[in-house]
Amino acid sequence: MTNSTNTPSTAADTPVRTRFAPSPTGFLHVGGARTALFNWLFARKHGGQFVVRIEDTDQVRSTAESAAGILSDLQWLGLDWDLGPVPGAGKNEYFQSMRLDIYRPYIDDLLNRGLAYEAWETPQQLAAMRMAAEKAKRPFRYRQNMPGRAPRGDGPCVIRFAIPWEEIRFVDEILGEIRVAGDEHDDIIIRKSDGFPTYHFAVVVDDHLMGITHVLRAQEHLMNTPKHLGLYAAFGWQPPRHAHMPLVFNMDNTKMSKRDKAKAARHALQLYARQKNDADFQKLAESLQPSAGVGSIPRVDSRAIGDFVAKKNDDTALAAVLAASIGVTLPEIDVHDFRRSGYLADALLNFISLIGWSPGENREILSRAEMLDLFSLQTIGKTSGRFDRKKLQWMNGEYIRRTSVDGLVAAVRSFLQVVEYPLADADDVILRQIIAMYQERMATLAEMAENSRFFFTEPKIDRSAGEKFIARNAGHAALVQIRDLLLSAALWNSESLSPIMEQIIALGEKRGAAAQALRVAVSGGAVSPPLLETLLLLGRDRTLARVDHALALFKADPPEPSQ
RNA sequence: GCCCUCAUCGUCUAGAGGCCUAGGACACGGGCUUUUCACGCCUGUAACUGGGGUUCGAAUCCCCAUGAGGGCACCA
């Protein structure tokens, strides 16, 4: 391994400058977030600059909403950029679609020097050529000198760059030396027939013009690098250093992608249909209507479901609607999904950083400052990792426990901006009490919001819990006693309720068993925060009303016939 | 099919030829604590893909096999 590559030799002369260059064709997903994080870390670590550039050269798939979403996700993660789009301000020069005039002269230059040429095949013709090559068991390579090229036509054409024939080699900062034979490449298209540059061309021109010193990207780009290097050579530019990071996969070793949502929804739908003993999705769609029509869930089109199930489309929005209709949660893939699931930005970032990177010293929970301190290209690994949600949950719980109540108030408020929960009704005083109760026992803010529902809305008592703890085992009688004990409280505060709580716990043969009846009555289920705190927050009136209601709902069992 | 990359517990990883009877974390099992659930604490199970070399000595270096992943678009 060449040692000279280990230290950024540019440090002395040129300041380090990295970039994150997403294409705005969807949400920011966790893989992209990790790429952004590593670039951010590297730039900050070396006192350099971090650039965000929107690669919207695909006119069909790029959307302004997607770009805005990606930027806001980056902001939520706290990855700030020095140069790039201004959130909420529309396109600027960091959107490639605004730079068409910049690319043009460079393409002309290549054309004039004979390093690029026009190609007139239609996409259909190219597909046919590929198929023919495959049939002949020969790899298809489009080169300028190949036989059978289409003659000059009169429609729009593409422009291809004549890739050099020599072997291209370079030193990757993570993988070491990479060499690829010259005949492995096509003459890549650098301008599409719509006049837009391709990614390959725009990325090279922009990285050069923007003074990018280090390109840190996912390993799926590894085979693009030789092509890009060919372009740098053609322009006589000094290429940036390249570092390709290992990929992130699902636990089942498949690539994490937005299609996973469609897959999961499809799977759930099939189970649902089997359960309903109805493979006819037309009917299924109709049966979904009552619940689907309510609130924000739009009507479900039965034909769309058919297409979806038949894998004719992977529409994530439809997947979300369908899953919501049948009460199934889709896997989190995008940063936004994790935000909606109640993960803290710092926890997500910390977890993501540990896939493919190790700070050493058995360190795991790291603040940003610590990450910055420990980060380097040398400590990035070569092996792809799997995204273990269980570990993320644990880590998020750790973060929740380590964050101050003030910090959590802010996090919960931010969380409630993207998801609806009755917890949103809580003022800061109430919210702080809720947080105090749940901080020790929750892994995500969503769990907190979900489990604390009964403080804000009347719970419907879980049937099996009610039968187990109130209707049986002398639970009903115990609850009557509990009611009297509560009634005896002089004041509804901690001081006067504590001894009463102690008596309630002591009730019956098994310590704490009777208290379960009270828990079920006030919270609706067998699990809640400690009762004393729960009752205090609920208040006297609501507590007693719920006890009365439970008492009425579950009449005492008739005495068991003796055996 | 062709090209490229990678290979340590189920998962994330430590390991830069002797510190390795392979360390940590998650998950899982057992125990303690306990008014439920958690949290916390203690504890256990669990890995160097296989085969050849090199070397006094290999998880660490080399080769082959196998496996996994990526790429082969007018997507990025």
Those residues at least two apart in sequence (or on a different chain) that pass side chain to side chain donor-acceptor pair (under 3.5 Å) with A:Asp252 are A:Thr254

By nearest-nucleotide position on RNA chain B, the 5'-leaning member of A:Thr198 and A:Ile505 is A:Ile505

request  = Begin from the C-alpha positions of A:Phe375 and A:Ile380 and carry the test side-chain contact (heavy atoms from CB on, under 4.5 Å) through to its verdict.
outcome  = CA-CA 8 Å; A:Phe375 186 80; A:Ile380 296 181; 3.9 Å; yes

The side chain to side chain donor-acceptor pair (under 3.5 Å) partners of A:Glu398 (sequence neighbours excluded) come to A:Arg401, A:Arg402

B:C64 to B:C12 separation - P atoms, rounded to the nearest Å:
27 Å

field: N or O in side chain of A:Thr57 less than 4.0 angstrom from B:A76 OP1/OP2
entry: yes

C1'-based separation of B:G23 from B:C48 [nearest Å]:
13 Å

inquiry  = Under 4.0 Å, counting only non-hydrogen atoms across every strand here, what does A:Arg386 touch: a base, just sugar-phosphate, or nothing?
reply    = sugar-phosphate

Side-chain contact check for A:Lys390: nearest option of B:G70, B:C75, B:C26 is B:C26

Hits for side-chain contact (heavy atoms from CB on, under 4.5 Å) against A:Thr225, two or more places apart or cross-chain, chain-then-number order -> A:Phe170, A:Arg217, A:Leu229, A:His242, A:His244

Closest to the side chain of A:Asp388, out of B:C26, B:U36, B:A73, is B:C26

Review point. Think A:Arg130 has a side-chain N or O under 4.0 angstrom from the OP1 or OP2 of B:A73?
Key: yes

- Query: Does A:Lys192 have a side-chain nitrogen or oxygen under 4.0 Å from the phosphate oxygens OP1 or OP2 of B:C75?
  - Reply: yes

Next on the checklist: Taking A:Thr35's backbone N and O only, do any of them form a donor-acceptor pair with A:Asn39's side chain (distance below 3.5 Å, no angle check)?
Outcome noted: yes

* With C1' as the reference atom in both, quote the distance from B:G44 to B:C9 in angstrom, rounded to an integer. => 14 Å

Using distance only, find each side-chain donor-acceptor pair of residues 123-131 of chain A under 3.5 Å and give its atom names and separation, not counting sequence neighbours.
from     : atom 1 : to       : atom 2 : distance (Å)
A:Gln124 : OE1    : A:Thr122 : OG1    : 3.3
A:Gln125 : OE1    : A:Thr122 : N      : 2.8
A:Gln125 : OE1    : A:Thr122 : OG1    : 3.3

(request) Could you tell me whether the side chain of A:Asn396 and the main chain of A:Leu344 form a donor-acceptor pair under 3.5 Å? (result) yes

Ranking A:Lys227 and A:Asp252 by the position along RNA chain B of their nearest nucleotide, the one closer to 5' is A:Asp252

* Heavy atoms under 4.0 Å, any strand shown: does A:Asn451 hit a base, just sugar-phosphate, or nothing? -> nothing

Quiz prompt | B:U60 to B:C20 separation - C1' atoms, rounded to the nearest Å | solution = 11 Å

NA contact type, A:Gly360, heavy-atom cut-off 4.0 Å: base, sugar-phosphate, or nothing? nothing

- Message: Taking only the C1' atom of each, what is the distance from B:C19 to B:G1 in whole angstrom?
- Response: 48 Å

Item to complete: Tell me what A:His221 touches on the nucleic acid: a base, only sugar-phosphate, or nothing, going by heavy atoms under 4.0 Å.
Response: base

So what does A:Ser193 touch, heavy atoms closer than 4.0 Å: a base, only the sugar-phosphate, or nothing? base

Sorted by chain and number, sequence neighbours left out, side chain to side chain donor-acceptor pair (under 3.5 Å) with A:Gln219 holds for none

Pair A:Glu502 + A:Arg511: basic N to acidic O under 4.0 Å
yes

Worksheet item: Are A:Arg141 and A:Asp183 close enough for a salt bridge, meaning some N to O gap below 4.0 Å?
Response: no

Provide the distance between the two P atoms, one in B:C26 and one in B:C39, to the nearest whole Å. 11 Å

The salt bridge (Lys or Arg N to Asp or Glu O under 4.0 Å) partners of A:Arg386 (sequence neighbours excluded) come to none

Give one of base, sugar-phosphate or nothing for A:Glu364, where a contact means two heavy atoms less than 4.0 Å apart. base

Give every pair of a protein N or O atom and an N or O atom of nucleotides 37-40 of chain B that lie under 3.5 Å apart, one pair per line with the distance.
from  : atom 1 : to       : atom 2 : distance (Å)
B:C37 : O2     : A:Arg441 : NH1    : 3.3
B:C37 : N3     : A:Arg441 : NH1    : 2.5
B:A38 : O2'    : A:Arg441 : O      : 2.8
B:C39 : O4'    : A:Glu440 : O      : 2.9
B:C39 : O2'    : A:Glu440 : OE1    : 3.1
B:G40 : OP1    : A:Glu398 : OE2    : 3.2

ask   = Quick check, are the ring centers of A:Tyr399 and A:Tyr343 under 6.0 angstrom apart?
value = no

| Hey, does A:His244 reach any base, or is it just sugar-phosphate, or nothing, if we go heavy atoms under 4.0 Å? | nothing

When rounded to whole Å, the CD1 to C1' distance for the pair A:Ile190 and B:C75 reads 17 Å

For residues 54-67 of chain A, the salt bridge (Lys or Arg N to Asp or Glu O under 4.0 Å) pairs (sequence neighbours left out) are A:Arg53-A:Glu55, A:Asp56-A:Lys91, A:Asp58-A:Arg61

Taking B:U11, B:U35, B:G69 as options, the one with an atom nearest any side-chain atom of A:Asn253 is B:G69

5' to 3', nucleotides 43-49 of chain B under a 4.0 Å protein heavy-atom cut-off (B base, S sugar-phosphate only, - none) gives -------

Could you run down the sub-3.5 Å N/O contacts of the protein with nucleotides 1-6 of chain B?
from : atom 1 : to       : atom 2 : distance (Å)
B:C3 : O4'    : A:Glu184 : OE1    : 3.1
B:U5 : O2'    : A:Gln219 : OE1    : 3.4

message = With rounding to the closest Å, how many angstrom separate the C1' atoms on B:G10 and B:A46?
response = 9 Å

Out of B:A73, B:C75, B:U13, minimum distance to the side chain of A:Asp186 belongs to B:A73

Q. Short question: side chain of A:Thr444, backbone of A:Gly342 - any donor-acceptor pair under 3.5 Å?
A. no

Does A:Arg363 put a side-chain nitrogen or oxygen below 4.0 Å from OP1 or OP2 of B:G23?
no

Ranking B:U11, B:C72, B:A76 by distance to the side chain of A:Met251, first place goes to B:U11

Exercise. Could you tell me if the ring centre of A:His228 sits under 6.0 Å from that of A:Tyr199?
Key: yes

Check: What is the nucleic acid contact for A:Leu531, judged by heavy atoms within less than 4.0 Å: base, sugar-phosphate only, or nothing?
Finding: base

Parallel, tilted or perpendicular: which fits the ring planes of A:Phe387 and A:Phe338, with parallel below 30° and perpendicular above 60°? tilted

Per-nt protein contacts along nucleotides 17-22 of chain B (heavy atom under 4.0 Å; B base, S backbone sugar-phosphate only, - none) come out as ------

Hey, does A:Gln439 reach any base, or is it just sugar-phosphate, or nothing, if we go heavy atoms under 4.0 Å? nothing

- Respond yes when some side-chain nitrogen or oxygen of A:Arg511 is under 4.0 Å from OP1 or OP2 of B:U35, and no when none is. yes

Winner on side-chain proximity to A:Ala515, out of B:C74, B:A76, B:U35, is B:U35

Taken in chain and number order and not counting sequence neighbours, the residues that satisfy side chain to side chain donor-acceptor pair (under 3.5 Å) with A:Thr379 are A:Trp357, A:Ser376

Worksheet item: How would you label the contact of A:Phe387 with the nucleic acid (heavy atoms, under 4.0 Å): base, sugar-phosphate, or nothing?
Response: nothing

* For B:G18 and B:G52, measure between their C1' atoms and round to the nearest Å. => 23 Å

